[in-house]
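Report on one structure; see the data block that follows.
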Amino acid sequence: MVQYLEGILKIANLILAVVAGFIGLSLIRISRKKKELNAWVLLIVALVFFAIQEILGALRAFKIYESAYLTHIVPTIILVFLMVALIKQIGISKGK
């Protein structure tokens, strides 16, 4: 019973991650038009990589695909994009 519930939660998490990825990709067009939201493009890219990470997690949970490299590289990429977006947003805020 617990494995069944875990499987349902993983599938729900996967669906939410894919929806978040599509929303993030659609927000890129809006963010590029306004200078104040320029740093958000990097944040949206981090969101897309988070969706990829969730997909990889679901594949690993169901033992479909497992890669030790991807489970460490993708979160590192997410952190880099988050840090760069934060630094860029601070620079935009101080420039006003």
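Predicted, not measured: the structure shown is a model, and the values here were computed from it.
- Follow the hydrophobic side-chain contacts under 4.5 Å out from I87 and you never reach V41; the two are in separate clusters.
- Under the 4.5 Å side-chain contact rule for hydrophobic residues, M83 and W40 do not share a cluster.
- Residues L16 and F50 do not share a hydrophobic cluster, defined by chaining ILVMFWY side chains whose heavy atoms lie under 4.5 Å apart.
- Here the CD1 atom belonging to I90 is positioned 13.5 Å from the NZ atom belonging to K88, to the nearest 0.5 angstrom.
- Residue I11 is tested with N13, L9, I15 for a side chain to side chain contact (heavy atoms under 4.5 Å, CB included); the sole match is I15.
- Between A85 and L43, the shortest heavy-atom contact is CB-N, 4.0 Å.
- For the pair F49 and I78, the tightest heavy-atom approach, listed with the atom from each and the gap, is CB-CG1, 3.6 Å.
- Each of L86 and F81 belongs to its own hydrophobic cluster when Ile, Leu, Val, Met, Phe, Trp and Tyr are linked at side-chain heavy-atom distances under 4.5 angstrom.
- In the hydrophobic cluster analysis, where Ile, Leu, Val, Met, Phe, Trp and Tyr join through side-chain heavy atoms closer than 4.5 angstrom, L27 is grouped apart from L47.
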